[in-house]
Amino acid sequence: MKPLELPEYFSYWVEVEEWFNEAQDSMFRAMYRPSVSKETTASILEAVSIIHEQLSTNLTAADVAEKVHMSRSYFSVCFKQVMGGETFHEYVRLARTKQAMDYFMHTNEKVATVAEKVGYTDVKYFSKVFKKSTGFLPSAYRKKYAGGNLFDKQETIVSELNTKKDIDEE
């Protein structure tokens, strides 16, 4: 980033505004400059698509990295950069939790069935992960959030989930 230079003087307020906007743009570009190439970003976005398509399967970083033609270690580093600091495993867990939340809100399927559909073979482990992510056991979550105005409830739930994630990271 090149140093910001303040002009010797401003004749009009609009010049101050223009300088400020240019300085702001320059700082933004410097702070949020992509650290990986466009091709790598596209590969990571393809990986995200694969994750969502194959959520019910045993997903590993190595398998997904291979599908997007990247080494596992480089994939992990790039995934975290492109996804805003979230690791592959964190992303998969969160995607599975959000999908399970959707199932609990919109279906009456058994917890074991939902667990299997989102990639967990052990129902007890799924319940533990779900509770850690949402603060609710699956049955309690369904009781609280199923039915009613689902759009409003889903926004509230996602907000609560993100808040819980932020707290866990501290």
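Residues Ser43 and His69 have side chains not in contact (no heavy-atom distance under 4.5 Å, counting atoms from C-beta outward). For the pair Met83/Val48, a side-chain contact is recorded, criterion being any heavy-atom separation below 4.5 Å from C-beta on. Considering only heavy atoms from C-beta on, Pro138 comes within 4.5 Å of Phe126 through its side chain.
Phe130 pairs in a ring-ring contact (aromatic ring centres under 6.0 Å, His included) with only one of the listed residues (Tyr120, Tyr125, Phe104), which is Phe104.
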Going through the checks in order, is the side chain to side chain contact (heavy atoms under 4.5 Å, CB included) test met by Gln54 and Val92?
CA-CA 10 Å; Gln54 299 179 5; Val92 170; over 6 Å; no
Residue pair Thr40, Met70: steps toward the side chain to side chain contact (heavy atoms under 4.5 Å, CB included) verdict:
CA-CA 9 Å; Thr40 301; Met70 295 174 78; 3.8 Å; yes
Check the pair Tyr141, Lys131 against side chain to side chain contact (heavy atoms under 4.5 Å, CB included), reporting the backbone distance first and the verdict last.
CA-CA 9 Å; Tyr141 179 88; Lys131 182 171 183 178; over 6 Å; no
Does Thr134 form a side chain to side chain contact (heavy atoms under 4.5 Å, CB included) with Lys144? I'd like the steps, not just the answer.
CA-CA 12 Å; Thr134 65; Lys144 181 170 182 174; over 6 Å; no
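For Glu116, the CD atom is loosely surrounded, since the number of other residues' heavy atoms within 6.0 Å does not exceed 12. Around atom CG of Asn58, no more than 12 heavy atoms belonging to other residues, nucleotides or ligands sit under 6.0 Å away.
Heavy-atom minimum distance, Leu137 versus Ser127: CD2-O, 4.2 Å. Among all heavy-atom pairs drawn from Ala47 and Val64, the shortest one is CB-CG1, 3.5 Å. For the pair Val118 and Ala100, the tightest heavy-atom approach, listed with the atom from each and the gap, is CG1-N, 3.8 Å. The two residues Leu55 and Ala95 have their closest heavy-atom pair at CD2-O, 3.7 Å. Residues Thr107 and Arg142 come closest through the heavy atom pair O-NH2, 3.3 Å.
Ring pair Phe79/Phe88 is perpendicular by interplanar angle, where above 60° counts as perpendicular and below 30° as parallel.
Proximity of a side-chain donor or acceptor of Glu90 to a complementary backbone N or O of Glu86 within less than 3.5 Å is not detected. With hydrogens and angles ignored, the 3.5 Å screen pairs no side-chain donor or acceptor of Glu66 with any backbone N or O of Asp63.
Trp13 belongs to a hydrophobic cluster with Leu6, Phe10, Val16, Trp19, Phe20, counting contacts under 4.5 Å between side-chain heavy atoms of Ile, Leu, Val, Met, Phe, Trp and Tyr, direct or through other members.
Taking CG from Asn108 and OG1 from Thr113, the interatomic distance works out to 11.5 Å, rounded to the nearest 0.5 Å. For the atom pair NE2 of His52 and CZ of Arg96, the computed distance is 11.0 Å after rounding to the nearest 0.5 Å. Taking OG1 from Thr97 and CG from Asp102, the interatomic distance works out to 12.5 Å, rounded to the nearest 0.5 Å. In this structure, the separation between CD1 on Ile50 and OG1 on Thr57 is 10.5 Å, given to the nearest 0.5 Å. We find the NE2-CE distance between His106 and Met101 to be 11.0 Å, quoted to the nearest 0.5 Å.
Listed by chain and number, the residues in a salt bridge (charged side-chain N to carboxylate O under 4.0 Å, His left out) with Lys117 are Glu109 (sequence neighbours excluded). The ring-ring contact (aromatic ring centres under 6.0 Å, His included) check on His89 picks up nothing, with sequence neighbours excluded.
Residues Tyr74 and Val82 are members of one and the same hydrophobic cluster, defined by side-chain heavy-atom contacts under 4.5 angstrom among Ile, Leu, Val, Met, Phe, Trp and Tyr.
Between the side chains of Ser76 and Arg72, at least one donor N or O lies within less than 3.5 Å of an accepting N or O.
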